[in-house]
Amino acid sequence: MATSTLPNIVIIGGGAGGLELATQLGHKLGKKNRANILLIDKNRSHIWKPLLHEVATGSLDSNLDGVVYSAHAAKHGYRFQLGTFCGLNSETKTITLAPQFEQQQQILPARDVTYDQLVIAIGSVSNDFNTPGVKEHCFFLDSHKQADRFHGALLNAFTQVHQNTQDAQLDIAIVGAGATGVELSAELYHVADLLKIYGLSNMTSAKLNIHLIEAGPTILPALPPRISQSAKDELEKLGVNVMENTRIAKAGSEGFITSEETLINADLMLWAAGVKAPDFIRALACFELNRANQIVVKPTLLSSTNDAIFVIGDCCACELPDGKFVPPRAQSAHQMASCVESNLINKLNNKPLANYRYVDYGSLVNLSRYSTVGSLMGNLTKRSMFVEGKIARIMYISLYRMHQRAIHGTLKTFGLWCAEKIMRVVRPRMKLH
C-alpha cells in the first residue's frame, strides 16, 4: 500500500508519451511502492493521435479501440484522475485543475494537486494563425472528441447526398497538407467507396470533391521531395484537388477565401495547418517559451526554469545541435518518455541525469488502402531509404503495435491483434452512427 511519505510523480497529459511514461513508472515504481504515480487527463480514454483521421472518417471507433485510463491504471500500478490543467504554483509545488463539466453539469470542483516531480505532456493543438473565421467554421482533429464531431457531420453529409435525387456533390476542404491532411484525404475516398455496402449507394467517391490546401510549395513539407511527390501523385489519382502555394485569408459559411480572394466552396472545412502548445501555457508565466508556445527545456528535458518539472511530447521545445527543435512526432514523444523515465528513477537514486538524444527513424504516410509511402533512416548510414507499398504499410502498422506494446505489454498486444482480426468479421468496416 502506497503511503504519503512516498514521492508524488504527477504526469499531466495521457497522450502517447504521457501514457507510456505512466505505464513504465507504474511498473518500476508504483507497483514496488517506491513512488505514487498519478496521470491526469481531461478525457477518460486514450486514442493514439496519428489515428485520429481514421476516427474522423469512421474507419476506427474510439469507443471500442480506445484505452480507458482508469481501467489501464488499475492494472499497471498508477492512478488516474480526470481533470483539466489550468494553473501552476512552482513554489508550493501544486497544480490547479479546473472545474469539470459534462452536459453543462459540474461533476468536479476546482482542486489542487501536489507534486514532488511534475511531467507536462499536454501535447499540441492546431495553430489557426489567427485566421478570421477559422474557429467558427472549421473542424479540428486535436482530440478524439473533435474527431467524433467531424465524423457525425460527415455521416450527415453522406446521408444528404445519398437521399438527394439531384446530382448532389460533397465538397470537403482541408487546410494543411502535412501527414494529417494527406492521410485524411485518402481515407475519405476509402470510406466513400464503402458506403454502397451499407445501403448508401447514391453517395459514391465520384460525388466527393476534396480540396487539399497547402500554403507552401509542396505537400508534406517536412519530408523529402520524393515522398511528397509520390503522395501527391497518389492523391491526384484518387481525385484530390491538391492546391499548393495557396494561402487562406479567411473562412466563411460558404468555404475558404484565399489571399487572392478566390472562394473555395466547401460543405465541410477542416483545419490541419500547423501545431502549437495550448495558449494557456503562456498565461501561466512560469516557463521560457518559443514562438509555438512550446516549453523550452534543458538537454535532460527538465524545464529551463524549474528543476522539478520535466516536459515531453509536442509541447516540448528541445533544441537540436543544428538550432532546430525536435519535431512534434509520435516517435519523439516515445523517445522523450523513455528518457524521462530513466531520469526520474535516477533522481530517486541520487544519480546524475542523462541527456535526451533524438533519433530520427524516418517518416511514413499512410494513404488508406491505396498506398503507403515514407523514408527510413538507416542504422549504418545517415542516408534515408525510400519505401512504399506493402513494405511501407507493414512498417506503418508496426509503429502502432510498438505503442500498444509500450502500454499493454507483448502478450496483450498480441491478444489485441487477434481480437481485431476476429472483430473484422462481425463488425462493419466503418462506424455508421
Side-chain angles (χ1 to χ4, degrees), residues 2-15 17-30 32-42 77-81 83-98 110-123 277-278 280-290 293-319 326 332-333 335-357:
T3 67
S4 59
T5 59
L6 296 178
N8 294 314
I9 299 175
V10 177
I11 304 164
I12 307 175
L19 182 56
E20 289 182 17
L21 178 60
T23 303
Q24 297 306 315
L25 290 178
H27 291 167
K28 297 179 180 180
L29 299 178
K32 297 180 179 179
N33 289 333
R34 295 187 58 198
N36 297 316
I37 313 300
L38 174 64
L39 175 66
I40 298 172
D41 196 275
K42 61 185 178 181
Y78 68 92
R79 294 182 297 116
F80 170 71
Q81 188 170 148
T84 301
F85 175 44
C86 66
L88 170 64
N89 188 325
S90 58
E91 293 183 0
T92 61
K93 289 191 172 182
T94 59
I95 63 168
T96 300
L97 303 180
R111 59 237 186 256
D112 290 336
V113 176
T114 61
Y115 66 87
D116 294 297
Q117 300 293 325
L118 179 65
V119 182
I120 298 179
I122 56 175
F280 79 89
I281 287 293
R282 190 170 297 277
L284 295 177
C286 295
F287 302 108
E288 178 187 358
L289 307 177
N290 68 2
N293 278 351
Q294 294 172 305
I295 301 171
V296 176
V297 296
K298 300 175 183 177
T300 57
L301 298 182
L302 281 168
S303 159
S304 63
T305 60
N306 194 302
D307 283 345
I309 302 176
F310 288 94
V311 187
I312 65 172
D314 289 3
C315 65
C316 175
C318 182
E319 190 172 354
V326 174
S332 310
Q335 294 170 24
M336 288 178 173
S338 297
C339 177
V340 170
E341 173 198 334
S342 298
N343 280 341
L344 283 168
I345 294 173
N346 287 344
K347 270 198 165 191
L348 290 181
N349 296 327
N350 294 315
K351 292 182 178 179
L353 305 187
N355 289 344
Y356 168 68
R357 187 171 70 90

Please round to the nearest 0.5 Å and tell me the distance separating atom [atom1] of [X] and atom [atom2] of [Y].
| X | Y | atom1 | atom2 | result |
| --- | --- | --- | --- | --- |
| Leu88 | Lys93 | CG | NZ | 11.5 Å |
| Leu118 | Leu344 | CG | CG | 10.0 Å |
| Cys318 | Gln335 | SG | CD | 10.5 Å |
| Thr23 | Leu39 | OG1 | CG | 8.0 Å |
| Asn89 | Thr94 | CG | OG1 | 4.5 Å |
| Thr114 | Asn36 | OG1 | CG | 9.5 Å |

Nearest atoms (heavy-atom pairs only) where [X] meets [Y]:
| X | Y | answer |
| --- | --- | --- |
| Ser90 | Asn306 | CB-ND2, 3.2 Å |
| Leu348 | Ala35 | CD1-CB, 4.5 Å |
| Glu288 | Thr305 | N-CG2, 3.8 Å |
| Ile11 | Ile37 | CD1-CG2, 4.2 Å |
| Ala337 | Glu20 | CB-CB, 4.5 Å |
| Ala308 | Tyr115 | O-CE1, 4.2 Å |

If we ignore hydrogens and angles and just use 3.5 Å, is the side chain of [X] paired with the main-chain N or O of [Y] as donor and acceptor?
| X | Y | value |
| --- | --- | --- |
| Asn343 | Ala354 | yes |
| Asn8 | Asp116 | no |
| Asn290 | Ala317 | no |
| Arg282 | Phe287 | no |
| Gln294 | Asp314 | yes |

>> One pair to check against side chain to side chain contact (heavy atoms under 4.5 Å, CB included): Cys316 and Leu301. What are the steps and the verdict?
In response: CA-CA 8 Å; Cys316 175; Leu301 298 182; 4.1 Å; yes
Quick check: do [X] and [Y] have side-chain heavy atoms less than 4.5 Å from each other?
| X | Y | result |
| --- | --- | --- |
| Phe280 | Ile122 | yes |
| Leu21 | Glu341 | yes |
| Asn349 | Arg34 | yes |
| Leu302 | Lys347 | yes |

> Do you see a donor-acceptor pair shorter than 3.5 Å between the side chains of Asp112 and Thr96?
Replying inline: yes
>> Ile40 vs Leu97, test: side chain to side chain contact (heavy atoms under 4.5 Å, CB included). Steps then yes/no.
In response: CA-CA 9 Å; Ile40 298 172; Leu97 303 180; 3.9 Å; yes
>> Can you confirm whether Lys42 is buried at NZ, in the sense that more than 12 heavy atoms of other residues, nucleotides or ligands lie under 6.0 Å from that atom?
In response: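 Counting other residues, nucleotides and ligands, NZ of Lys42 stays at 12 neighbours or fewer.
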> Step by step, would you call Ile309 with Ile295 a side chain to side chain contact (heavy atoms under 4.5 Å, CB included)?
Replying inline: CA-CA 11 Å; Ile309 302 176; Ile295 301 171; over 6 Å; no
>> Could you walk me through whether Ile95 and Phe85 satisfy the side chain to side chain contact (heavy atoms under 4.5 Å, CB included) test, starting with their C-alpha distance in whole Å, then the side-chain angles of each, then the deciding distance to 0.1 Å, before giving a yes or no?
In response: CA-CA 7 Å; Ile95 63 168; Phe85 175 44; 4.0 Å; yes
